[in-house]
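Structure first, commentary second.
Below, all heavy atoms of this structure are taken into account, side chains as well, without hydrogens, waters or symmetry copies. Owing to the predicted nature of the structure, the values given are computational and were not obtained by experimental measurement.
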Amino acid sequence: MSELIRRLREGLPSNTVLTDPDVLRSYATDMASFCPAGTPQAVVLPRTVEQVQHTMRTAHALRVPVVPQGARTGLSGAANATDGCLLLSLTRMDRILEINPVDRIAVVEPGVVNARLSRAVAEYGLSYPPDPSSWEMCTIGGNIGTGSGGLCCVKYGVTAEYVLGLDVVLADGRLLSTGRRTAKGVAGYDLTRLFVGSEGSLGIVVGATLALRAEPPQQLALAAEFPSAAAACDAVCRIMEAGHTPSLLELMDRTTLRAVNEMTKMGLPETTEALLLAAFDTPDPAPQLRAVGELCAAAGASEVVPAEDAAESELLLNGRRAALTALEAVKGTTMIDDVCVPRSRLADMLEGTAEIAERYGLTIGVCAHAGDGNTHPTVCFDATDEEECRRARRSFDEIMELGLKLGGTITGEHGVGVLKKDWLAQELGEVGLDLHRAIKTAFDPNGILNPGKVF
């Protein structure tokens, strides 16, 4: 038995430290392609803050790298093992500790699944808006680590806007509490926001105080078909310029629609080049839907179909949520880009992606949180074909390069991880990168927290 395993087991229950090689392999990666993964020494599955602290004190003393993990639904390789590391899986820390309808907050452990929290707060007439497409699987800790978004961002914003405070175990095992439970607070530096999106490179989130909202009325949606992606993007610009605030504004191209139909048999229109979904959750959404429908028609929509009721609206949204899984089935493997551009450049992004797909002879489906310019060009390829893999990787990089040229960012909500770390340096610049490294050193002087990730 190694010194590491011996020390860990001295302070942890016997079923908390796993070393079986098959188990280690099953925990070694998240859902990203083209991201290397090493061989860990152990998986640790704590249930308490004290167990996380013992793990980190041990790792710190022995200079062992630690890779934090949630549900491993991430798409950037941020949760991938490195050789000789400890995988610290927080999925057993899954308690909802408090729901306070007066203060409109929830206090949760990091392993709470997003959808479970949403359903729990709904019993109090409240909502937790961030809703990634993987919300039935992904955890709040993972959402915080990557700064997740979702379908509702155009109106309600991303995870960072709902994290009021955090409990974080630092690299040396100390426990830090940041933020507040109050609606307002500006005391000191905003360390809470610093941890959101840090991908486990600064500390281990073991608790979160989250802001809640009053539960909105059920949303109603419409679907608009367009003869081109450019026309659909023009409609997005018209909708936002007119001052509308939809609860979602989502786009799927023809490739995505075909993939979703193949998987779900939903009967979405495949003859159109782009489908735009718009929804409102106001007490009376009919006037907004009518106005948006007229704007879509003015932008060249061939057909605008309002949903008849909330159930039909949810059916349309389920089709959108299924997009990434459906595209994976096209060729068996995908690389999912996460480029966010200004809404005014959305058409340029989609047209440029189509040109890249044609040039490399690849199938690239695009779905997008169009209301906030966050596109998900998804490269479909055969992982057993070495040449196709090479073209897939090059096309992925060209899509990120295109996004930066259009004034965008390499990631709107999936994070950097391993997949995009080389591109992060280009986006941040030399001064920005130096400051990032200084912050990392301040929190993790021995460099044991998720090494090799982000930058």
(request) Identify the heavy atoms of G407 and P342 that sit nearest to each other, and give their distance. (result) O-CD, 3.7 Å

(request) Please identify each residue that fulfils side-chain contact (heavy atoms from CB on, under 4.5 Å) with D253, with sequence neighbours left out. (result) T255, T256, V366

(request) Please check if the side chain of T272 supplies one atom and the backbone of E225 the other of a donor-acceptor pair under 3.5 Å. (result) no

(message) Please determine whether a side-chain nitrogen of the Lys or Arg among R390 and E386 lies less than 4.0 Å from a carboxylate oxygen of the Asp or Glu.
(response) no

(message) Let's go through L220 and F280 carefully: what are the C-alpha distance in whole Å and the side-chain angles of both, what is the deciding distance for side-chain contact (heavy atoms from CB on, under 4.5 Å) to 0.1 Å, and is it a yes or a no?
(response) CA-CA 6 Å; L220 283 178; F280 289 87; over 6 Å; no

(message) Less than 6.0 angstrom separating the ring centers of F381 and F34, yes or no?
(response) yes

(request) May I ask you to say whether E294 pairs ionically with R290, meaning some side-chain N is under 4.0 Å from a carboxylate O? (result) no

(request) Using atom types as modelled and distance alone, determine if a side-chain donor or acceptor of T139 lies under 3.5 Å from a backbone N or O of V112. (result) no

(request) Would you please say whether a donor-acceptor pair under 3.5 Å links the side chains of T409 and E427? (result) yes

(request) Give, for atom CG of L75 and atom CE of M335, the distance between the pair rounded to the nearest 0.5 Å. (result) 11.0 Å

(request) Rounded to the nearest 0.5 Å, what's the gap from CG on L435 to NZ on K440? Could you check? (result) 16.0 Å

(request) Quick one: do R258 and E262 satisfy salt bridge (Lys or Arg N to Asp or Glu O under 4.0 Å)? Show the steps, please. (result) CA-CA 6 Å; R258 288 181 172 179; E262 181 66 25; over 6 Å; no

(request) Kindly indicate, with the supporting measurements, whether the criterion side-chain contact (heavy atoms from CB on, under 4.5 Å) is fulfilled by V416 and K453. (result) CA-CA 8 Å; V416 175; K453 314 294 174 58; over 6 Å; no

(request) Hey, could you give me the CE/CH2 distance between M400 and W423, rounded to the nearest 0.5 Å? (result) 6.0 Å

(request) Would you name the heavy atoms of C85 and L87 that are closest together and state the gap between them? (result) SG-CD2, 3.8 Å

(message) My understanding is that only residues two or more places apart in sequence, or in another chain, count here; which of them pass ring pair (Phe, Tyr, Trp, His ring centres under 6.0 Å) with Y124?
(response) none

(message) Taking the side chain as everything from C-beta on, heavy atoms only, tell me whether L151 gets closer than 4.5 Å to S133.
(response) yes

(message) Tell me whether Q69 contacts the main-chain N or O of L88 through its side chain, where contact means a donor paired with an acceptor under 3.5 Å.
(response) no

(message) Could you tell me if N261 and E270 have a donor-acceptor pair between their side chains, going purely by distance under 3.5 Å?
(response) yes

(message) Checking L117 against V113 for the side-chain contact (heavy atoms from CB on, under 4.5 Å) test, could you report, in this order, the C-alpha distance in whole Å, the side-chain angles of both residues, the deciding distance, and whether it holds?
(response) CA-CA 7 Å; L117 175 62; V113 171; over 6 Å; no

(request) Flag the pair R72 / Y27 as yes when at least one side-chain heavy-atom distance between them is below 4.5 Å, and no otherwise. (result) yes

(request) Report the relative orientation of the aromatic rings in H436 and F455; use parallel for angles under 30°, tilted for 30 to 60°, perpendicular for over 60°. (result) perpendicular

(request) Grab the two heavy atoms, one from G415 and one from S76, that are nearest each other, plus how far apart they are. (result) O-CB, 3.7 Å

(request) Can you measure from CD1 (I364) to CD1 (I356) and round to the nearest 0.5 angstrom? (result) 6.5 Å

(message) I'd like to check L210 versus V108 (side-chain heavy atoms, cut-off strictly below 4.5 Å). Are they in contact?
(response) yes

(message) Among T182, L212, V121, L164, which residue satisfies the side chain to side chain contact (heavy atoms under 4.5 Å, CB included) criterion with I105?
(response) L164

(message) Donor-acceptor pair, distance only, cut-off 3.5 Å: does the side chain of S33 make one with the backbone of T334?
(response) yes

(request) Please say whether more than 12 non-hydrogen atoms of neighbouring residues, nucleotides or ligands are located less than 6.0 Å from CD in E241. (result) no

(message) Determine whether a donor-acceptor pair (N or O, by modelled atom type, separation under 3.5 Å) exists between the side chain of T375 and the backbone of P377.
(response) no

(message) Tell me the closest heavy-atom pair linking P306 and L222, and the distance in Å.
(response) CA-CB, 3.7 Å

(request) Please check if the side chain of S228 supplies one atom and the backbone of A231 the other of a donor-acceptor pair under 3.5 Å. (result) yes

(message) Do the side chains of R359 and E355 get close enough for a salt bridge, i.e. N-O under 4.0 angstrom?
(response) yes

(message) Minimum heavy-atom separation for C153 and V158, please, with both atom names.
(response) SG-CG1, 3.7 Å

(message) So, taking the atom named CG in D281 and the one named NZ in K155, what distance separates them when rounded to the nearest 0.5 Å?
(response) 3.5 Å

(message) Between R254 and E273, does any side-chain N to carboxylate O distance fall below 4.0 Å?
(response) yes

(request) Report yes or no: is the cationic atom of R394 (NZ for Lys, CZ for Arg) under 6.0 Å from the centre of the six-membered ring of Y360, at an angle within 45° of the ring normal? (result) no

(request) Would you please test V154 and H369 for side-chain contact (heavy atoms from CB on, under 4.5 Å) and show each step? (result) CA-CA 8 Å; V154 62; H369 308 306; over 6 Å; no

(request) List for me each residue that meets side-chain contact (heavy atoms from CB on, under 4.5 Å) alongside T91, sequence neighbours excluded, and say none if there are none. (result) L45, S89

(message) With a 4.5 Å cut-off on side-chain heavy atoms, are L90 and I204 touching?
(response) yes

(message) Is the shortest side-chain heavy-atom distance between I336 and H414 below 4.5 Å?
(response) yes

(request) List in chain and number order the residues that pass side-chain contact (heavy atoms from CB on, under 4.5 Å) with A299, two or more places apart in sequence or in another chain; answer none if no residue qualifies. (result) F226, D234, A235, R238

(request) Return yes when atom CD of E98 has more than 12 non-hydrogen atoms of other residues, nucleotides or ligands closer than 6.0 Å, and no otherwise. (result) yes

(message) How long is the straight-line distance from CE of M266 back to CG of N318, given to the nearest 0.5 Å?
(response) 6.5 Å

(message) I want to check something: taking the side chain as every heavy atom from C-beta on, are I96 and E109 in contact at a cut-off of under 4.5 Å?
(response) no

(message) List the residues meeting side-chain hydrogen bond (donor to acceptor under 3.5 Å, both in side chains) with R393, not counting sequence neighbours, and say none if there are none.
(response) D397

(request) Answer yes or no: is there a donor N or O on one side and an acceptor on the other, between the side chain of E413 and the main chain of G150, under 3.5 Å? (result) yes

(message) With a 4.5 Å cut-off on side-chain heavy atoms, are D338 and H376 touching?
(response) yes

(request) List the steps and the verdict of side-chain hydrogen bond (donor to acceptor under 3.5 Å, both in side chains) for N114 and D131. (result) CA-CA 7 Å; N114 185 295; D131 63 340; over 6 Å; no

(request) Answer yes or no: is there an ion pair linking R321 with E136, defined by an N-O contact shorter than 4.0 Å? (result) no

(request) Using modelled atom types only, decide if a donor and an acceptor are shared between the side chain of N80 and the backbone of D30 within a distance under 3.5 Å. (result) yes

(message) Once side-chain contact (heavy atoms from CB on, under 4.5 Å) is applied, do any residues pair with S198, and if so which ones, sequence neighbours excluded?
(response) F195, S201, L202

(message) Taking I144's backbone N and O only, do any of them form a donor-acceptor pair with S148's side chain (distance below 3.5 Å, no angle check)?
(response) no

(request) Dump the intermediate steps for side-chain hydrogen bond (donor to acceptor under 3.5 Å, both in side chains) on Y162 and R213, then the final yes or no. (result) CA-CA 9 Å; Y162 294 87; R213 287 177 174 258; 3.0 Å; yes

(request) Report yes if some heavy atom in the side chain of N143 is under 4.5 Å from a heavy atom in the side chain of C138; otherwise report no. (result) yes

(request) Check A32 against G77 and note the closest heavy-atom contact, atom names and distance. (result) CB-N, 3.4 Å

